[in-house]
Amino acid sequence: MTIRLPAADGTLRTYEPRPAPLVLPPGAPFTSRTVFSAAHVVADPWADVSPDSPAAVDWDATLAFRRHLWSHGLGVAEAMDTAQRGMGLDWAGAAELIRRSAAEARPAGGRIACGVGTDQIGNASPAQIRAAYEEQLAVVEEAGAQVILMASRALAAAAAGPEDYLEIYGHLLRQCAEPVILHWLGPMFDPALEGYWGSGDLDAATKVLLELVAAHPDKVDGVKVSLLDARREIDLRRRLPDGVRCYTGDDFHYPELIAGDGQGFSHALLGVFDPLGPLAAQAVRVLDTGDTAGFRELLDPTVALSRHLFQPPTRFYKTGVVLLAWLAGHQSHFAMVGGLQSARSLPHLARAYELADGLGLFPEPELAEERMKNLLALYGVAR
């Protein structure tokens with residue numbers, strides 16, 4: 001069987017899909033790294049909503065996908081940007097997602113950490129920003145999940161300088177019941193976060209973040225860095241206090257950052273581990289044995305797919321993630337909250353299919369091929 005895929009120049013090329021998938025059954029828990037997958041949400045395609053309506057979520061399919069990730073030993077980073085937080089999923093939907101996923105995690109024995117932000121407000125005063133964070137913090141802690149303190153668009157807009165970040169984050173850390181993960185999300189993922197930590201100079205911003213961690217080391221489990229800059233992440237993790245983890249959010253350089261060097265390594269909290277879940281889990285288990293070369297042999301070939309999904313505008317990577325979930329059979333449709341399935345071109349989607357198929361990511365290659373042909377036909381590509 002073959003499939004004709006469109007290229008960026010408007011031509012069609014013939015591709016022969018892989019005949020069999022890479023079989024990766026669940027295995028033992030990880031021992032050398034803590035690994036989270038930031039998981040997507042599944043939209044309800046039959047809901048009568050418009051793009052600016054509150055998100056209509058298919059809860060059964062959304063929770064089933066989280067059970068899939070837990071079954072492979074991955075933790076779930078919930079209600080993050082991969083779940084279209086602030087891009088179709090509002091705070092009311094995120095709060096419901098947090099409660100449902102945390103309840104699902106308990107019987108599954110799954111690890112879960114959830115995003116705490118300020119997306120229920122727009123431009124606001126520092127007091128209102130603190131209150132918004134506190135409202136979300138209470139929801140996550142009441143659900144029994146670990147807290148991820150997310151970057152705030154409102155704080156980025158309101159802060160006069162580093163001292164405002166230190167004051168608000170310090171206030172929040174002092175009241176957190178358990179150690180949290182701090183999340184530094186770069187402007188390539190959200191342009192509204194330009195100049196976070198009070199400076200557009202990344203060296204100065206890093207200094208502020210490290211000052212915050214040093215003041216509250218007992219309240220910080222780790223720092224998640226999503227800047228797509230491996231050198232900067234390595235420098236940051238070497239400067240963190242003992243016992244504070246660095247979680248890579250770098251979807252371009254994750255194999256080398258997780259593998260580490262003679263001075264340390266990064267744990268992981270990655271959006272690309274949504275489609276790569278079983279393969280990523282197998283790679284980490286190989287790393288657990290001390291086989292760094294084997295780990296890299298498994299994970300390095302996935303970088304081409306990740307770089308494709310996260311190409312600029314990077315914030316639209318979710319579209320490719322959901323496409324692959326549909327092609328892999330984790331959901332019955334290719335629809336997204338807010339209509340975000342339209343955010344990437346057909347050649348981009350076709351290349352994502354080709355790269356994922358080449359890695360053996362589709363449990364049923366024939367199903368993925370048939371669904372891709374249906375999508376192509378919808379765009380006018382003859383079968």
Colleague: Would the distance check show the side chain of S101 and the main-chain N or O of I98 forming a donor-acceptor pair, the cut-off being under 3.5 Å?
Modeller: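 No, the answer is negative, given that no donor and acceptor are paired below the 3.5 Å cut-off.
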Colleague: If we ignore hydrogens and angles and just use 3.5 Å, is the side chain of D291 paired with the main-chain N or O of L287 as donor and acceptor?
Modeller: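 No; zero donor-acceptor contacts below 3.5 Å.
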Colleague: Between D357 (side chain only) and P17 (backbone N and O only), is there a donor and an acceptor less than 3.5 Å apart?
Modeller: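 Not confirmed, D357 side chain does not pair with P17 backbone.
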Colleague: Charged N to carboxylate O below 4.0 Å: is that the case for E104 and R66?
Modeller: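 Not counted as a salt bridge, because no side-chain N and carboxylate O are separated by less than 4.0 Å.
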Colleague: Is the CD atom of E134 crowded by more than 12 outside heavy atoms at less than 6.0 Å?
Modeller: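 Yes, CD of E134 has more than 12 neighbouring heavy atoms, counting only those of other groups under 6.0 Å.
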Colleague: Keeping T11 on the side-chain end and A7 on the backbone end, is there a donor-acceptor pair under 3.5 Å?
Modeller: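 Not confirmed, T11 side chain does not pair with A7 backbone.
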Colleague: Is the shortest distance from a Lys or Arg side-chain nitrogen in R315 or D81 to a carboxylate oxygen in the other one below 4.0 Å?
Modeller: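 No salt bridge links R315 with D81.
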Colleague: Could you tell me whether D235 and R231 make a salt bridge, using a distance below 4.0 angstrom between a side-chain N and a carboxylate O?
Modeller: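 Not counted as a salt bridge, because no side-chain N and carboxylate O are separated by less than 4.0 Å.
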Colleague: With a 3.5 Å distance limit and no angle check, can you tell me whether D201 reaches the backbone of A204 through a side-chain donor-acceptor pair?
Modeller: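 Side chain of D201 to backbone of A204: a pair is present.
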Colleague: Assess whether side chain to side chain donor-acceptor pair (under 3.5 Å) is satisfied between D221 and Q146, documenting all intermediate values.
Modeller: CA-CA 10 Å; D221 166 63; Q146 186 177 12; 3.3 Å; yes
Colleague: Would you call D300 and R296 a salt bridge, using N to O less than 4.0 angstrom?
Modeller: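 Result for this pair is yes, salt bridge flagged.
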Colleague: Examine Y169 together with W197 and report whether their ring centres are nearer than 6.0 Å.
Modeller: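 Centroid separation for Y169 and W197: below 6.0 Å.
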Colleague: Give a yes or no on whether a salt bridge exists between D288 and R33, defined as a side-chain N under 4.0 angstrom from a carboxylate O.
Modeller: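 Salt bridge flag = no for R33 with D288.
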Colleague: Closer than 4.0 angstrom, basic N to acidic O: yes or no for E142 and R99?
Modeller: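 Answer for the salt bridge query: no.
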Colleague: Measure from NZ or CZ of R111 to the centre of the six-membered ring of W70 and say whether it is under 6.0 Å with the direction within 45° of the ring axis.
Modeller: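 No, R111 does not sit over the ring of W70.
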Colleague: Is R232 salt-bridged to D250, cutoff N-O under 4.0 Å?
Modeller: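 The answer is no: the pair does not qualify as a salt bridge.
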Colleague: Is the shortest distance from a Lys or Arg side-chain nitrogen in E211 or K207 to a carboxylate oxygen in the other one below 4.0 Å?
Modeller: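 No, this pair does not count.
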Colleague: Do R344's NZ or CZ and the ring of F316 fall within the cation-pi criteria of under 6.0 Å and 45°?
Modeller: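 Here R344 fails the 6.0 Å and 45° test against F316.
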Colleague: When you measure from the side chain of Q120 to the backbone N and O of A132, does any donor-acceptor pair fall under 3.5 Å?
Modeller: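 A pair under 3.5 Å: yes.
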Colleague: Identify whether the distance between the nearest side-chain nitrogen and carboxylate oxygen of R371 and E364 falls below 4.0 Å.
Modeller: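 No salt bridge links R371 with E364.
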Colleague: Counting neighbours of CG on N123 that are heavy atoms of other residues, nucleotides or ligands and sit closer than 6.0 Å, is the number greater than 12?
Modeller: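 Result for CG/N123: open.
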Colleague: Do the side chains of K373 and E370 get close enough for a salt bridge, i.e. N-O under 4.0 angstrom?
Modeller: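 Salt bridge: no.
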Colleague: Is there a side-chain contact between V180 and I148, using heavy atoms and a 4.5 Å cut-off?
Modeller: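 SC-SC contact between V180 and I148 ruled out.
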Colleague: Is it true that atom CG of D261 has more than 12 heavy atoms of other residues, nucleotides or ligands lying nearer than 6.0 Å?
Modeller: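 Above 12, so yes.
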Colleague: Counting the benzene-type ring for Trp, do H267 and F265 have ring centres under 6.0 Å apart?
Modeller: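 Judged by ring-centre distance (under 6.0 Å), H267 and F265 do meet the cut-off.
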Colleague: Measure across A79 and A83 and return the closest heavy-atom pair with its distance rounded to 0.1 Å.
Modeller: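 Distance-wise, the nearest heavy atoms are CA-CB, 4.1 Å.
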Colleague: Which atoms form the tightest heavy-atom contact between L69 and D274, and what is the distance?
Modeller: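 Minimum heavy-atom contact is CD2-O, 4.2 Å.
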Colleague: Salt-bridge test for K219 and E178: reply yes if a basic N is under 4.0 Å from a carboxylate O, no otherwise.
Modeller: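 A salt bridge is absent here (no side-chain N lies under 4.0 Å from a carboxylate O).
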Colleague: Answer yes or no: is there an ion pair linking R153 with D119, defined by an N-O contact shorter than 4.0 Å?
Modeller: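 Salt bridge between R153 and D119, a charged N being under 4.0 Å from a carboxylate O: no.
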Colleague: Does the plane of the ring in W326 sit parallel, tilted or perpendicular to the ring in F334? Use 30° and 60° as the thresholds.
Modeller: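 Judged by the thresholds at 30° and 60°, the geometry between W326 and F334 is parallel.
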